[in-house]
Amino acid sequence: MELEMEFIRKLPSPQELKMEHPVDPGLYQIKTRRDQEIRDILTGKDARFLLIIGPCSADNEDAVTEYCTRLARVQEEVKETLFLIPRVYTNKPRTIGVGYKGMLHQPDPHGGEDMLKGILACRKMHERVIRETGFTCAEEILYPENHRYLSDLISYAAIGARSVEDQLHRMIASGVGIPVGMKNPTSGDISVMLNSIAAAQHEQQFLFRGWEVRTKGNPLAHAILRGYVDQFGRSLPNYHYEDLVRLHESYGKRGLSHPAVIIDANHANSGKKYLEQVRIANDVLYSRHMNPDLRKLVKGIMIESYLEDGSQSIEEGVYGKSITDPCLGWEKTEALIKELAGRVQG
């Protein structure tokens with residue numbers, strides 16, 4: 001019988017790879033400090049507002065590092081009110097996985113697939129960002145078995161709309177040791193997202209990488225609202241005041257730890273009209289100001305931005321322009337950050 005899956009080679013385990021490529025202790029100290037600051041924001045000890053911001057897909061080390069370097073300068077200006085977490089999504093492919101498959105699989109967007117080179121390229125990018133900017137970043141847990149290859153470098157993780165119903169993703173989220181945002185599914189069913197948060201907050205025991213493992217649960221698993229798609233394929237938002245009030249009420253019925261939500265201003269909330277992110281972010285802050293319960297619940301906003309406006313095909317080769325979803329360019333990004341910093345505590 002012909003095998004349906006070809007086994008190419010056995011890769012080193014995350015533990016083995018980390019021993020071969022250890023993180024400098026100074027960089028890990030930065031991560032430890034930022035991890036605690038993010039925890040304090042999500043638990044209400046720190047009143048600052050989170051801004052998880054950056055390219056849809058981290059495709060180019062130099063461009064991503066330049067973006068984060070610019071972001072670090074702005075962070076210094078807004079540090080009293082905003083805490084910035086760059087999006088460095090190295091796993092992110094095009095939606096259906098055809099064409100560009102993300103840096104993890106394709107360290108060279110124009111080249112073939114090489115998983116080991118991809119893992120090392122992802123680690124190198126994250127280490128460079130920490131070293132040159134002082135930022136530790138956010139990643140999407142797209143492929144559950146790959147998270148631990150980067151777990152010593154990142155400070156925030158997200159579970160995507162197409163993964164949030166998957167039990168393995170939920171159980172992985174229960175044991176990652178950093179805050180994890182669980183997106184609502186593309187159907188918009190909030191109960192599915194809350195079930196995922198509940199699963200991630202509880203202890204779990206399951207099969208992982210050939211081991212039986214046990215987790216303690218992640219009390220900082222929380223919601224991300226990203227809009228949804230109806231039965232006709234239309235994008236519909238779920239960031240409005242009424243949506244946030246309903247989420248607050250649903251949290252109250254569940255008895256979950258540290259109720260919190262991040263609003264994804266792009267994706268179905270904007271209908272992928274990336275310029276709408278500016279309006280949506282301001283709308284969310286207005287809703288937050290109108291209701292003390294929402295002020296406690298809404299902990300941040302997620303923005304897709306890069307050096308250049310919009311998106312492009314891989315063949316175009318414009319430096320700092322998204323090759324997946326369209327993003328806000330730098331000038332608009334900087335203006336938005338400063339605008340939000342002035343309004344968030346108002």
Side-chain angles (χ1 to χ4, degrees), residues 8-9 11-12 14 17 21 52-68 85-129 136-164 166 168-169 172-173 176 180-181 183 186 224 226 264 266-267 272 274 302-308 310-327:
I8 300 169
R9 59 177 166 172
L11 296 175
L17 189 131
H21 303 274
I52 303 163
I53 187 165
C56 173
S57 178
D59 62 294
N60 180 294
E61 180 184 319
D62 289 339
V64 169
T65 305
E66 180 177 337
Y67 174 88
C68 290
I85 307 174
R87 281 174 53 111
V88 178
Y89 280 24
T90 57
N91 286 208
K92 191 79 172 179
R94 292 183 180 274
T95 299
I96 60 173
V98 176
Y100 179 60
K101 295 187 177 179
M103 176 172 280
L104 176 70
H105 289 87
Q106 272 177 275
D108 177 0
H110 301 280
E113 297 179 42
D114 188 320
M115 286 288 291
L116 182 56
K117 285 184 179 179
I119 291 167
L120 294 174
C122 295
R123 285 186 63 82
K124 180 172 176 284
M125 180 187 291
H126 277 285
E127 287 187 73
R128 183 178 171 190
V129 170
T136 49
C137 302
E139 270 275 10
E140 181 179 3
I141 302 178
L142 184 59
Y143 308 104
E145 288 202 345
N146 297 332
H147 166 75
R148 290 192 61 79
Y149 284 114
L150 298 173
S151 61
D152 53 342
L153 293 164
I154 63 175
S155 289
Y156 183 92
I159 304 292
R162 296 166 187 83
S163 303
V164 76
D166 176 65
L168 183 57
H169 280 85
I172 294 295
V176 298
V180 178
K183 290 194 175 186
T186 53
I224 300 177
R226 50 87 73 198
D264 180 347
N266 211 11
H267 295 100
K272 293 191 178 181
Y274 68 95
M302 187 175 283
I303 301 284
E304 289 193 322
S305 84
Y306 210 176
L307 298 178
E308 301 292 338
S311 62
Q312 62 177 332
S313 66
I314 295 173
E315 292 73 26
E316 290 178 68
V318 178
Y319 180 79
K321 191 171 186 178
S322 177
I323 58 174
T324 48
D325 288 348
C327 298

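Residue numbers run from 1 in the order of the sequence given.
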Grab the two heavy atoms, one from [X] and one from [Y], that are nearest each other, plus how far apart they are.
X    : Y    : answer
I141 : H169 : O-CD2, 3.2 Å
C327 : C56  : SG-N, 3.6 Å
I314 : I323 : CG1-CD1, 4.0 Å

Any side-chain heavy-atom pair from [X] and [Y] closer than 4.5 angstrom?
X    : Y    : value
Y67  : N60  : no
R226 : N266 : no
D264 : K183 : yes
P55  : S322 : no

Exercise for review: Go through the steps to decide whether C122 and L150 satisfy the test side chain to side chain contact (heavy atoms under 4.5 Å, CB included), and finish with yes or no.
Suggested key: CA-CA 8 Å; C122 295; L150 298 173; 3.9 Å; yes
Study note, to complete from the structure: Residues passing the ring-ring contact (aromatic ring centres under 6.0 Å, His included) test with H105, sequence neighbours excluded, are Y143
Spacing of [X] atom [atom1] and [Y] atom [atom2] [to the nearest 0.5 Å]:
X    : Y    : atom1 : atom2 : result
N146 : S151 : CG    : OG    : 11.5 Å
L120 : H21  : CG    : NE2   : 4.5 Å
R148 : I172 : CZ    : CD1   : 8.5 Å

Review point. Quick one: does Q312's side chain have a donor or acceptor within less than 3.5 Å of a partner on K321's backbone?
Key: yes
Exercise for review: For R123 and Y149, indicate whether the former's side chain and the latter's backbone hold a donor-acceptor pair under 3.5 Å.
Suggested key: yes
Point to revise | Derivation and outcome, salt bridge (Lys or Arg N to Asp or Glu O under 4.0 Å), residues K117 and D108 | key: CA-CA 10 Å; K117 285 184 179 179; D108 177 0; over 6 Å; no
Exercise for review: Could you tell me which residues satisfy side-chain contact (heavy atoms from CB on, under 4.5 Å) with A121, sequence neighbours excluded, listed by chain and number?
Suggested key: M103, P107
Study note, to complete from the structure: Residue set satisfying side-chain contact (heavy atoms from CB on, under 4.5 Å) with A138, at least two apart, ordered chain then number -> I52, I85, Y89, Y156
Check your understanding: Is the closest side-chain donor-acceptor distance between T324 and S57 under 3.5 Å?
Key -> no
Review point. Can a donor-acceptor pair be found between the side chains of H147 and E139 at a distance below 3.5 Å?
Key: no
Partners meeting side chain to side chain donor-acceptor pair (under 3.5 Å) with [X] (sequence neighbours left out):
X    : answer
E61  : K124, R128
R87  : E304
Y274 : none

Exercise for review: Could you walk me through whether L116 and L17 pass side chain to side chain contact (heavy atoms under 4.5 Å, CB included), step by step?
Suggested key: CA-CA 10 Å; L116 182 56; L17 189 131; 4.0 Å; yes
Check your understanding: Can you check side chain to side chain contact (heavy atoms under 4.5 Å, CB included) on E66 and Y319, steps first, answer last?
Key -> CA-CA 11 Å; E66 180 177 337; Y319 180 79; 2.9 Å; yes
Practice item. Show your reasoning for whether side chain to side chain contact (heavy atoms under 4.5 Å, CB included) applies to L104 and M115. Key: CA-CA 6 Å; L104 176 70; M115 286 288 291; 4.3 Å; yes
**Study point:** Salt bridge R9-D114, side-chain N to carboxylate O under 4.0 Å
**Key:** yes
